[in-house]
Number of protein chains: 2
Amino acid sequence: MGRRSDHSREEIRQLALGAAEAIVAEGGFKALTARKVAAAIGYTVGTLYLVFENLDDLVFQLNGRTLDQLYQRMLDEKRHSYSGKKALYALATAYIDYAEAESPRWNMLLEYVAGKDEVMPDWYLEKLGQVFGLVEETLASTVGNQDDKTISQAARVLWASVHGICILKIRQRLDLAGGQSTGEMACMLIDNFVEGMSR
Amino acid sequence: MGRRSDHSREEIRQLALGAAEAIVAEGGFKALTARKVAAAIGYTVGTLYLVFENLDDLVFQLNGRTLDQLYQRMLDEKRHSYSGKKALYALATAYIDYAEAESPRWNMLLEYVAGKDEVMPDWYLEKLGQVFGLVEETLASTVGNQDDKTISQAARVLWASVHGICILKIRQRLDLAGGQSTGEMACMLIDNFVEGMSR
DNA sequence: GCTGTAATTGAACATCGTTCAATAAAGCCA
DNA sequence: TGGCTTTATTGAACGATGTTCAATTACAGC
């Protein structure tokens with residue numbers, strides 16, 4: 001109808017993202033459609049396009065909230081103040097548990113493939129940086145006296161690796177033989193990597 | 001029209017897969033549509049559905065050919081008969097070079113997300129196994145006297161990790177700071193992992 | 001109560017994957 | 001050669017998708 005002003009733009013944005021999360025949790029990425037999100041919040045498609053540039057934009061913002069949750073879970077785990085390798089295990093476990101519990105949503109983090117020279121928005125890179133920062137701190141306090149640059153690079157290598165294990169497991173590209181759990185694989189990675197770094 | 005019999009089913013299948021590869025290389029995954037593939041090989045949509053169950057099936061078979069190529073490249077590299085860590089570097093480099101040269105196609109390997117209890121077809125798991133087998137051999141000859149199970153598990157962990165680095169790089173989730181190349185990151189991973197394994 | 005503003009709608013468009021009755025070309029037999 | 005059967009191939013049809021935008025309607029101020 002006409003102007004109702006039941007909700008502000010920002011409220012509609014939040015409602016839509018919430019509804020989208022529920023839809024994805026229920027039916028995975030392919031279940032997410034503009035009309036479904038609109039219907040779930042009691043509006044119509046047109047309204048969504050006042051608040052989001054397009055569906056990709058909505059997905060991107062949803063991914064932002066996923067990264068926030070991921071960061072929060074890892075931060076909570078770090079609060080338990082383990083030290084050394086145990087702290088890295090804890091971070092990896094938090095990451096993996098989230099990925100397995102919320103797998104459709106976590107999967108969506110990689111769904112969007114940027115074009116050749118498109119670049120991620122700054123706010124998104126910042127959220128990614130937070131997660132890596134956490135790993136960096138923990139790694140720094142685990143392997144002694146290495147320079148900052150090495151630590152920062154190693155943290156990225158290590159976390160990309162944890163991520164890789166997670167992805168192949170969850171997307172079932174890794175079942176063949178072995179039969180280890182994701183957690184066990186991550187431990188093996190951390191053990192050897194940290195051992196190697198501390199020579 | 002009616003029956004032309006210009007090509008056998010198998011020939012049509014190969015033509016379609018070839019055309020699909022070209023389309024993906026040109027415009028990425030989202031450019032791949034049934035009508036485009038059909039037009040490219042001089043048939044209509046209907047014909048595609050005589051040869052493929054659906055578009056997912058086509059993508060799956062295309063992924064099979066990608067795995068074959070990947071395996072071949074890695075095998076060629078191994079023929080140069082390096083040994084030790086150098087051999088692992090060579091495998092990783094072959095993998096990474098392929099991923100970067102054929103990134104839309106390589107990206108497609110992870111595009112399909114299986115449902116909760118769907119399982120990959122055997123022929124696909126076999127192709128995956130081939131790739132891992134190559135890493136296994138190489139790793140076994142690099143770190144001395146470890147039992148087979150440990151090697152096989154470690155090979156999976158290591159390659160999932162290389163894969164993770166590749167994915168985050170190519171999908172631009174990893175630019176922040178550091179500025180290492182994918183290859184350098186993989187070397188760092190292999191160095192530390194192998195060092196750690198050989199205690 | 002009237003009017004102007006703007007929030008909201010939903011029909012319209014192009015395109016998608018997928019299906020299947022209709023069609024026309026090839027093979028075959030007399 | 002001509003007619004009949006077979007079947008490979010077609011393409012219109014269907015429902016659903018993302019996206020747009022003129023039309024509609026509810027509110028705010030006078």
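Since the structure is predicted, the reported quantities are computational estimates derived from the model, not experimental observations. The chains referred to below are lettered A, B, ... by the order of the sequence lines, with proteins before strands, and numbering in each begins at 1.
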Peer 1: Tell me, which of residues 5-17 of chain B have any heavy atom that sits under 4.0 Å from an atom in DNA chain D?
Peer 2: B/S5, B/R9, B/I12
Peer 1: Looking at A/R4, does any N or O in its side chain come under 4.0 Å of the phosphate oxygens OP1/OP2 on C/dA6?
Peer 2: no
Peer 1: Does the distance from a Lys or Arg side-chain N to an Asp or Glu carboxylate O, for B/R4 and B/D6, drop under 4.0 Å?
Peer 2: yes
Peer 1: Flag the pair A/E100 and A/K169 as a salt bridge only when some basic side-chain nitrogen lies within less than 4.0 angstrom of an acidic carboxylate oxygen.
Peer 2: no
Peer 1: On a heavy-atom basis, which atom in A/C166 and which in A/T182 lie closest, and how many Å separate them?
Peer 2: CA-CG2, 4.1 Å
Peer 1: Parallel, tilted or perpendicular for A/H163 and A/W106, by the 30°/60° rule?
Peer 2: tilted
Peer 1: Tell me the closest heavy-atom pair linking B/R105 and B/T66, and the distance in Å.
Peer 2: NE-OG1, 2.9 Å
Peer 1: Whether the side chain of A/R171 engages the backbone of B/L110 through a donor-acceptor N/O pair (distance < 3.5 Å, no angle test) should be reported.
Peer 2: yes
Peer 1: Which of the following nucleotides, C/dG17, D/dG18, D/dT10, is nearest to the side chain of B/R35?
Peer 2: C/dG17
Peer 1: Do you know the tightest heavy-atom contact between B/F60 and B/M120?
Peer 2: CZ-SD, 3.6 Å
Peer 1: Determine whether a donor-acceptor pair (N or O, by modelled atom type, separation under 3.5 Å) exists between the side chain of A/R156 and the backbone of B/Q180.
Peer 2: no
Peer 1: A/I23 has an atom CD1; how far is it from atom P of D/dG18, in whole Å?
Peer 2: 11 Å
Peer 1: Among D/dT9, D/dT19, C/dT18, find the nucleotide with the atom closest to the side chain of B/A34.
Peer 2: C/dT18
Peer 1: Between B/F29 (CZ) and C/dG17 (P), how many Å, whole number?
Peer 2: 10 Å
Peer 1: Can you tell me the distance, in whole Å, between the CG atom of A/L32 and the C1' atom of D/dA16?
Peer 2: 14 Å
Peer 1: Does any residue of residues 45-63 of chain B have a heavy atom under 4.0 Å from DNA chain D, and if so, which ones, in number order?
Peer 2: B/G46, B/T47, B/L50
